[in-house]
There are 2 protein chains.
Amino acid sequence: MPNQSRPGTGEQARRLALGQLREAILRGEMVPAQRLVENELAERFGVTRASIRAALIELESQGLVERIRNRGSRVRVVTVEEAVAITECRLVLEGLCAAKAATAATDEQLTELTRLGTAMRKAVADGEPLTYSELNHELHVRIREFSGQQTAVALLERLNAQLVRHRFQLALRPGRPQQSLNEHLAMIEAIVARDPQAAEAAVRAHLTSVIEALRD
Amino acid sequence: MPNQSRPGTGEQARRLALGQLREAILRGEMVPAQRLVENELAERFGVTRASIRAALIELESQGLVERIRNRGSRVRVVTVEEAVAITECRLVLEGLCAAKAATAATDEQLTELTRLGTAMRKAVADGEPLTYSELNHELHVRIREFSGQQTAVALLERLNAQLVRHRFQLALRPGRPQQSLNEHLAMIEAIVARDPQAAEAAVRAHLTSVIEALRD
DNA sequence: GCCGACAAAATTGTCAACAATTTCGTTCGC
DNA sequence: GCGAACGAAATTGTTGACAATTTTGTCGGC
């Protein structure tokens, strides 16, 4: 096995193109609705057009780009209504994960959730929205991870990728961290108490509040 | 616009290959875990390998086939545990759709649900499991459709495609239609009564029962 | 001055050949 | 007789060129 250890070296062109293009879109380097010309991308990433095509097809079914027959690809624009609909799906799926995590997580994993909770509290108290946003994301990822629900996790990652832009906008809103913090602490408390129903309810309450915040 | 009217005539090779291959897998023509050699598929469908590759990439991200670097593609085998996990996701997502449908559906759409309910009752009474299975599927599709939740619908279609084999197995089980019928009628009743919470609960109850049935 | 047809440019879709990788059968050494 | 190394066959990954389609700019007619 020649190149298993260091991803990026002998990685196949298609995977490389997919990763780079995906990163570029998620980092916001591509303006929404910007045209993605296969030749330009191929030259930019140093791979052939076929690899770009393969990557675009995959990104299309992940909902990150839009492709029209013989007319090319664009980065998909997520309207506010779509963002709400996506978050509603997140609401039920993360609720499922939280309920499962409440029964399936190990004690060590529960202490990690508690640790994250105190860190978040501190970040808000210190007035560091950036740190808080990161911890926020990590908390959601951990809960999913501890649930052991691979199918739900895969769906959620796809959904979240479509929301990066809106998430960014939301994190910087003043006053939002304070409200969000309490909801997150309630989620943690319910999971640590191993109460599936309360955990699901807490997640739903939190994401309902996110939906309301999105609608401005 | 030369060929907009009749899909299939001037359809591009990739779309054609994608559709045919997808159909073949869903119809069960491809045995689970069967190897899918690109050259064979290309010859069989009368398209080039590039089109087959594109179709395989798309089917991979839909969860219908599995691809391993330099080792080829196989139709993905869905274990019972995976089928359960997938159905748990369906449970929450269809619950969401049912709740939305209870408030968003038009009166005409509600009468259609009622019509479907009586048809299902008749099919069970007449002992026609095939007809019942079809109506069952149509009911779920309609509820999703009436919810107007495009994101959830897209996710559910993907999940359902992975379950065809298990669904088939389940439909032929004796005694199952009778139990399933009551649950379906409860779903319809709740939606027609425009009660979102009851609708979600009814859908959850139904799919919980499906999960139990899957575990044999 | 405006509308439609026409032609050229840009872009995507398709194809066949070539390179790299893996797998499987064989052979050599012990 | 058994295990490891070697090599041939099969299969996937990649490349560049070619064909089909759409878009854009231009010209002539009204």
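None of the values given here were measured: they were computed from a predicted structure. First the proteins, then the strands, lettered A, B, ... as listed; each starts at 1.
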With respect to the phosphate group of D:dG13, does any side-chain polar atom (N or O) of B:Arg67 fall under 4.0 Å of OP1 or OP2? yes
Calculate the interatomic distance between B:Glu38 atom CD and C:dA16 atom C1'; express it in whole Å. 14 Å
What are the two closest heavy atoms between A:Ile57 and B:Ala54, and how far apart are they? CD1-CB, 3.7 Å
Take atom CD of B:Glu112 as the centre, draw a 6.0 Å sphere, and report whether it contains more than 12 heavy atoms from other residues, nucleotides or ligands. yes
Angle between ring planes, A:His140 versus A:His184, binned at 30° and 60°: parallel, tilted or perpendicular? perpendicular
A:Arg35 CZ to D:dT22 P: how many Å, rounded? 13 Å
Looking only at side-chain N and O atoms, does B:Arg71 come under 4.0 Å of OP1 or OP2 in D:dT12? no
OP1 or OP2 of D:dT12 versus the side-chain N and O atoms of A:Arg15: is any pair under 4.0 Å? no
Taking atom C1' of C:dT22 as reference, at what distance in whole Å does atom CZ of B:Arg69 sit? 11 Å
Euclidean distance, atom CG of residue A:Asn39 to atom P of C:dA9 [Å, nearest integer]: 17 Å
Between the protein and nucleotides 15-18 of chain D, are there any N/O to N/O pairs under 3.5 Å, and if so, what are the atom names and distances?
unit_1 : atom_1 : unit_2  : atom_2 : d
D:dT15 : OP2    : A:Thr48 : OG1    : 2.4

From CZ of B:Arg14 over to C1' of D:dA20, roughly how many Å is that when rounded to an integer? 16 Å
For A:Glu82, does the CD atom have more than 12 heavy-atom neighbours from other residues, nucleotides or ligands under 6.0 Å away? yes
Who are the side chain to side chain contact (heavy atoms under 4.5 Å, CB included) partners of B:Thr48, not counting sequence neighbours? B:Ala50, B:Ser51
Please classify the nucleic acid contact of B:Leu36 as base, sugar-phosphate, or nothing, using heavy-atom distances under 4.0 Å. sugar-phosphate
Report the distance from atom CG of B:Leu18 to atom P of C:dG13, rounded to the nearest whole Å. 13 Å
Strictly below 4.0 Å, N to O, side chains only: are B:Glu145 and B:Arg142 in salt-bridge contact? yes
In whole Å, I'd like the distance from the CZ atom of B:Arg53 to the P atom of C:dC18. 18 Å
Taking atom P of C:dG13 as reference, at what distance in whole Å does atom CD of B:Glu58 sit? 12 Å
Can you name the side chain to side chain donor-acceptor pair (under 3.5 Å) partners of A:Thr131, sequence neighbours left out? A:Glu128
